[in-house]
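Quick note on labels: first sequence line is chain A, next is B, and so on, each numbered from 1.
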Amino acid sequence: MELSRRDFLRGLGALALGGMLHAEPCKSSLVAVAGSKKLFKGDRLDRGVVSGLVHSAVARCIGARSVEEAYSSLFSPRDTVGIKVNCLDPRIAPHTEVVSALAEGLRMAGVEPSRIIVWDRKTSEVLKAGFSANSPAYVVNGSDGAFERTPTEWGEIGSRLSRLVRRCTALISLAVLKDHDIAGVSLCVKNLFGTIDNPNKYHFSIQRALTDIYELPELRRRLKLFLCDGIVAVYNGGPGFKEEWSERTGEIYASTDGIALDAVCWQKIEQLRKAHNLPPLSKEGREPEYIKLGEKRGLGCAEPEVVRL
Amino acid sequence: MKRREFLRSCAFGGCALALGISFAEESNYTPAPADSHKAGIYYLREAEWYEKLDNKRVKCTLCPNECKVGDMERGFCGVRENRHGLYYTLVYGNPCTVVPDPIEKKPLFHYLPGSWALSLATAGCNFVCKFCQNWQISQARPEQTDNIDITPQRLVSLCQRAVRNPWTGGKTVCQSLAYTYTEPVVFYEYMYDSARLAREKGIGSVMISNGFIHPEPVEKLCEVLTAVKIDLKAITEKFYRDVCSGRLKPVLDCLKVLSKQKIWFEVVYLVIPTLNDSTREFAEVSRWIVGELGTDVPVHFTRFYPTYRLRNLPPTSHSSVEKAREIAMKEGLKFVYVGNVRAGHPGENTYCPECGNRVIHRIRYIVREINLKDGRCPRCRTPIPGVWKSPI
């Protein structure tokens with residue numbers, strides 16, 4: 001087999017990263033799924049219940065004995081923590097209550113609100129999704145066209161990173177539970193496309209590009225936690241919100257392994273599709289192959305242990 | 001002054017000129033919502049070439065990428081967006097640069113030599129060429145560039161009067177509009193409307209393109225354009241796939257359409273060390289042009305300079321483009337040039353293919369002498385193909 005210099009270096013990089021970062025063997029990846037029937041009070045979310053779900057999921061996914069220990073084991077007071085949200089469509093964006101709970105957890109780890117940045121591609125998108133520019137708990141921001149001067153290259157990826165990436169010492173990828181027209185699903189890994197200037201350039205090689213972006217050292221070394229706000233799911237017709245294909249599922253997913261979390265959320269989407277007589281994503285030629293590709297590269301676990309809370 | 005500073009100053013110059021613009025009298029576009037203005041998107045126009053699919057999805061039919069775009073997503077070009085089942089161009093009337101250029105810079109050597117073209121670009125491209133010289137704008141989305149609010153009407157009126165010329169420091173009247181720098185195919189509607197209006201006012205329009213466009217839209221464009229330059233980036237599918245994220249065949253098809261349409265066009269082949277610079281490729285590309293387009297098509301072999309994602313290769317040697325020129329002429333092409341070479345290189349001049357008389361003398365982008373009589377060599381009366389006086 002011929003191995004190009006780039007492939008060789010990439011292989012070395014993956015090995016090194018695998019060793020440095022998420023070095024656990026696949027079987028040790030764990031995804032915590034927290035759900036409650038008391039999540040909604042009528043049409044409104046119960047902030048306290050949401051907070052409890054987020055904290056219990058985070059604590060369980062890293063095996064901490066307390067919520068404070070959980071956040072403190074991932075974040076330090078010196079960190080600037082970016083919570084990367086997906087606000088493409090304000091109707092299917094992470095709930096503000098979920099972000100508030102995360103900010104609360106980060107405060108327990110000693111991170112000041114001024115160092116908690118809730119961000120996406122554009123500030124206007126984040127605000128439209130309901131996040132307040134005057135929140136005492138965090139700062140709202142957007143890349144707003146501010147990207148690094150030169151592209152970062154890694155496999156398929158040749159993109160300029162948002163300047164917010166380097167501003168953050170730690171990142172949380174907070175996704176929503178939704179279907180995606182091209183990628184199959186838009187979860188924690190797809191959420192990372194919001195950190196680069198040219199996600200549109202990967203339409204024709206999206207599965208490899210998703211694996212590559214997840215492997216990108218600039219992101220990998222910062223990504224500490226993955227969460228999916230599965231309070232409402234869009235199981236078909238994404239990434240935009242489609243009322244007819246949406247359902248209140250009332251769950252929060254958490255893991256330190258983005259591949260593992262996406263694998264579990266993907267299965268949830270498949271369940272919902274089946275329940276609504278929709279074909280599996282593979283039948284539509286959009287199975288999220290990046291999950292298995294990611295596992296093959298040692299980036300995460302495609303069949304993790306799932307703990308339901 | 002750095003190239004980037006130059007472009008930026010031109011953009012802001014254009015921006016100043018555009019202030020106070022009145023809204024178009026016959027507009028098929030609408031002002032974008034106010035919050036889009038902050039992102040440099042001033043107008044919205046429904047795209048022309050697309051089909052509606054199920055579930056509010058659309059299929060773009062403008063270029064061979066044929067993107068299928070979900071609701072709230074963009075096409076590969078990054079400048080066309082599906083908004084609830086309608087496909088919009090986000091760059092109509094929103095160029096990121098407007099500046100006069102010598103027509104030789106395009107390069108178009110057989111089209112109104114010595115004239116100026118008001119040259120404009122918007123963000124976006126339907127390729128990802130790893131050697132792109134303008135990647136900061138071609139690979140960007142419109143909200144990532146400094147845009148100017150400038151309608152087709154305003155563009156044409158700028159062409160009709162003298163505009164500030166950063167090259168000369170004075171003012172210049174432009175004989176043409178040039179859609180260039182990035183990929184004009186992605187701002188098709190803006191280009192088409194501007195070219196149509198320009199034609200009505202006696203002003204030409206030239207498109208500087210990668211030729212990655214479907215035959216139907218390019219045929220329609222030919223009704224309003226006066227010249228085209230196509231970058232034929234290589235003669236192998238492998239190069240197009242690996243280096244440009246594109247395909248060769250549609251580009252060759254586009255060239256055949258241009259030839260059939262009888263519009264004036266020239267071809268540029270950027271020679272990149274190790275990637276497309278073999279004698280076999282020079283011969284093959286030349287033979288294809290001779291066979292399919294004829295011997296009169298001017299072909300420019302230009303030197304590559306390392307940039308963007310191809311910084312690991314050296315600049316192309318002078319001898320490489322000279323060799324390409326020699327091979328192309330041996331294959332029968334009559335007008336073969338070299339570009340990005342030292343000033344005064346003989347390969348920048350136009351010679352009569354019959355008697356060898358120098359009919360146009362160029363030094364870089366400056367035309368020093370035009371020695372043509374009614375489009376013919378004054379010595380032997382051989383016609384020199386090209387557009388030597390205003391085509392409108």
(request) Between chain B and each of S205(A), G238(A), G158(A), S159(A), count heavy-atom pairs under 4.5 Å; write down the option with the most. (result)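 Among S205(A), G238(A), G158(A), S159(A), the one with the most close pairs to chain B is G158(A).
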
(message) Counting heavy-atom pairs under 4.5 Å with chain B, which one of G240(A), P239(A), A146(A), G145(A) comes out on top?
(response)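 It is P239(A).
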
Can you tell me how far apart [atom1] ([X]) and [atom2] ([Y]) are? Round to the nearest 0.5 Å.
{"X": "F204(A)", "Y": "E66(B)", "atom1": "CZ", "atom2": "CD", "value": "9.0 Å"}
{"X": "D89(A)", "Y": "E73(B)", "atom1": "CG", "atom2": "CD", "value": "10.5 Å"}
{"X": "C77(B)", "Y": "H203(A)", "atom1": "SG", "atom2": "NE2", "value": "9.5 Å"}

(message) Strictly below 4.0 Å, N to O, side chains only: are D181(A) and R57(B) in salt-bridge contact?
(response)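 R57(B) and D181(A): salt-bridged.
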
(request) Determine, for K242(A) against D71(B), whether the closest basic-nitrogen to carboxylate-oxygen distance falls under 4.0 angstrom. (result)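 Looking at K242(A) and D71(B), the cut-off is met.
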
Which pair of non-hydrogen atoms, one from [X] and one from [Y], has the smallest distance, and what is that distance?
{"X": "Q136(B)", "Y": "R160(A)", "value": "O-NH2, 4.5 Å"}
{"X": "E153(A)", "Y": "R309(B)", "value": "OE1-NE, 3.3 Å"}
{"X": "F76(B)", "Y": "K201(A)", "value": "O-NZ, 3.1 Å"}

Counting only heavy atoms not in [X] (residues, nucleotides, ligands), do more than 12 fall under 6.0 Å from its [atom1]?
{"X": "Y305(B)", "atom1": "OH", "value": "no"}
{"X": "E247(A)", "atom1": "CD", "value": "yes"}
{"X": "E244(A)", "atom1": "CD", "value": "yes"}

(request) Please flag which part of T150(A) lies under 4.5 Å from any non-hydrogen atom of chain B: side chain, backbone, both or neither. (result)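 The backbone, not the side chain.
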
(message) Under a plain distance cut-off of 3.5 Å, with no hydrogens placed, do R141(B) and N198(A) share a side-chain donor-acceptor pair?
(response)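 Short answer, no.
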
(message) Between Q144(B) (side chain only) and D197(A) (backbone N and O only), is there a donor and an acceptor less than 3.5 Å apart?
(response)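 Yes, the answer is positive, given that a donor and an acceptor are paired below the 3.5 Å cut-off.
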
(message) Report which part of N65(B) has an atom under 4.5 Å of a heavy atom belonging to chain A: side chain, backbone, both, or neither.
(response)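 Contact with chain A: backbone and side chain both.
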
(message) Less than 4.5 Å to any heavy atom of chain A: does that hold for the side chain of R311(B), its backbone, both, or neither?
(response)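 Just its side chain gets close to chain A.
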
(request) May I ask you to name which of Q139(B), H84(B), M72(B), K56(B) has the most heavy-atom pairs under 4.5 Å with chain A? (result)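 Ranked by heavy-atom pairs under 4.5 Å with chain A, first place is M72(B).
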
(request) For the residue pair P151(A) and Y308(B), establish whether any side-chain heavy-atom pair is separated by less than 4.5 Å. (result)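 Side-chain contact under 4.5 Å: yes.
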
